[in-house]
Amino acid sequence: MDKQFINPPELYKHPSYSRVITVKGPCKFIFIAGQTPSDEKYQPVHPGDYRKQYEHIIAALTIQLKAAGATWDDVVVRRVFTLDVDALQKALREVKRPESKEFPPTSTMIGVTRLSNPGFLIEMDLIAITNA
């Protein structure tokens, strides 16, 4: 499998995501549903704390990637839904991100009015690709 990360020189090279990723060859696609900051009873953890909810989500997504035979280096699409884009961006300055700094996934951050539980501040889904 060949992955190519493309950041056209005509466009701003964002430090947190790649503009385009192409994949060629035999591969396995892994789709991970939206992960919320929830406990085993689907109740919010760390109410009101963007940083801790983000860290909880990352830990849960890491477990799911591993279960599928993947790592954060295999993630090619990251979608983040949040109630407050500014608050989440501020919290992200304080945490270590799991993605490769050299070859980050594509990414979209979307401000929403509500998630599936009013106590959830963030939800994130992923697409990863590994060798077949």
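- Under the 30°/60° scheme for interplanar angles, the aromatic rings of His46 and His56 are found to stand perpendicular.
- If you take OG1 on Thr62 and CD1 on Ile57, they are separated by 11.5 Å, rounding to the nearest 0.5 Å.
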Should Val20 and Thr106 be marked as a side-chain contact (heavy atoms from CB on, under 4.5 Å) after you check the CA-CA gap, both sets of side-chain angles, and the distance that decides it? CA-CA 7 Å; Val20 180; Thr106 63; over 6 Å; no
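- When only modelled atom types and interatomic distance are considered, Gln35 and Gln64 share a side-chain donor-acceptor pair under 3.5 Å.
- Note: the hydrophobic cluster containing Ile30 does not contain Val23 (ILVMFWY, side chain heavy atoms under 4.5 Å, direct or indirect links).
- Taking both residues in full, the closest heavy atoms of Ile21 and Pro104 are given as CD1-O, 3.9 Å, listed atom of the first, atom of the second, then distance.
- Atom CG of Leu115 is separated from atom OG of Ser38 by 11.0 Å, given to the nearest 0.5 angstrom.
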side-chain contact (heavy atoms from CB on, under 4.5 Å), that's the test. Do Leu65 and Thr71 meet it? Break it down for me. CA-CA 6 Å; Leu65 286 165; Thr71 70; 6.0 Å; no
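- Of the inter-residue distances, the one linking Leu88 atom CG with Met109 atom CE reads 4.5 Å to the nearest 0.5 angstrom.
- Follow the hydrophobic side-chain contacts under 4.5 Å out from Trp72 and you never reach Ile127; the two are in separate clusters.
- Atom CZ of Arg97 is separated from atom CD of Glu99 by 5.0 Å, given to the nearest 0.5 angstrom.
- Looking at Asp2 and Lys24, no side-chain N of the basic residue comes within less than 4.0 Å of a carboxylate O on the acidic one, giving no salt bridge.
- Pairing each heavy atom of Gly34 with each of Glu123, the nearest pair is CA-OE2, 3.3 Å.
- Ser100 places a side-chain N or O within 3.5 Å of a backbone atom of Glu102 that can act as its donor or acceptor partner.
- Of all non-hydrogen atoms in Pro44 and Asn117, the two that sit nearest each other are CG-OD1, 3.3 Å.
- Taking Tyr17 as the reference, His14 meet the ring pair (Phe, Tyr, Trp, His ring centres under 6.0 Å) condition, with sequence neighbours excluded.
- Residues Val45 and Tyr54 do not share a hydrophobic cluster, defined by chaining ILVMFWY side chains whose heavy atoms lie under 4.5 Å apart.
- Nearest heavy atom pair, residue Pro118 against residue Leu83, reads O-CD1, 4.5 Å.
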Please walk me through it: do Phe81 and Ile122 pass side-chain contact (heavy atoms from CB on, under 4.5 Å)? CA-CA 6 Å; Phe81 304 89; Ile122 311 163; over 6 Å; no
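- Counting only residues at least two apart or on different chains, the ring pair (Phe, Tyr, Trp, His ring centres under 6.0 Å) pairs with a member in residues 104-124 are Tyr42-Phe120.
- The main-chain N or O of Asp84 is found under 3.5 Å from a side-chain atom of Tyr50 such that the two form a donor-acceptor pair.
- The main-chain N or O of Leu121 is found under 3.5 Å from a side-chain atom of Gln53 such that the two form a donor-acceptor pair.
- Two residues are said to be in side-chain contact when any heavy atoms from C-beta on lie closer than 4.5 Å; Ile6 and Gln4 meet this criterion.
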Would Ile129 and Asp74 count as a side-chain contact (heavy atoms from CB on, under 4.5 Å) if you check the C-alpha gap in whole Å, the side-chain angles of each, and the deciding distance to 0.1 Å? CA-CA 5 Å; Ile129 300 177; Asp74 300 311; 6.0 Å; no
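- Across all their heavy atoms, Asp125 and Ile32 have their closest contact at CB-O, 3.2 Å.
- No side-chain donor-acceptor contact under 3.5 Å links Thr22 to the backbone of Lys3.
- Using a 4.5 Å cut-off between side-chain heavy atoms of Ile, Leu, Val, Met, Phe, Trp and Tyr, with links allowed through other members, Met124 and Val85 fall into the same hydrophobic cluster.
- Between the side chain of Lys28 and the backbone N or O of Ala68, at least one donor-acceptor pair lies under 3.5 Å.
- Counting only distance, with no hydrogens or angles, the side chain of Asn7 and the backbone of Arg19 share a donor-acceptor pair below 3.5 Å.
- A single hydrophobic cluster is seen to contain both Ile110 and Val80, as judged by linkage of ILVMFWY side chains at heavy-atom distances under 4.5 Å, directly or through other members.
- Across all non-hydrogen atoms, the minimal contact from Ser16 to Arg78 is O-NH2, 3.1 Å.
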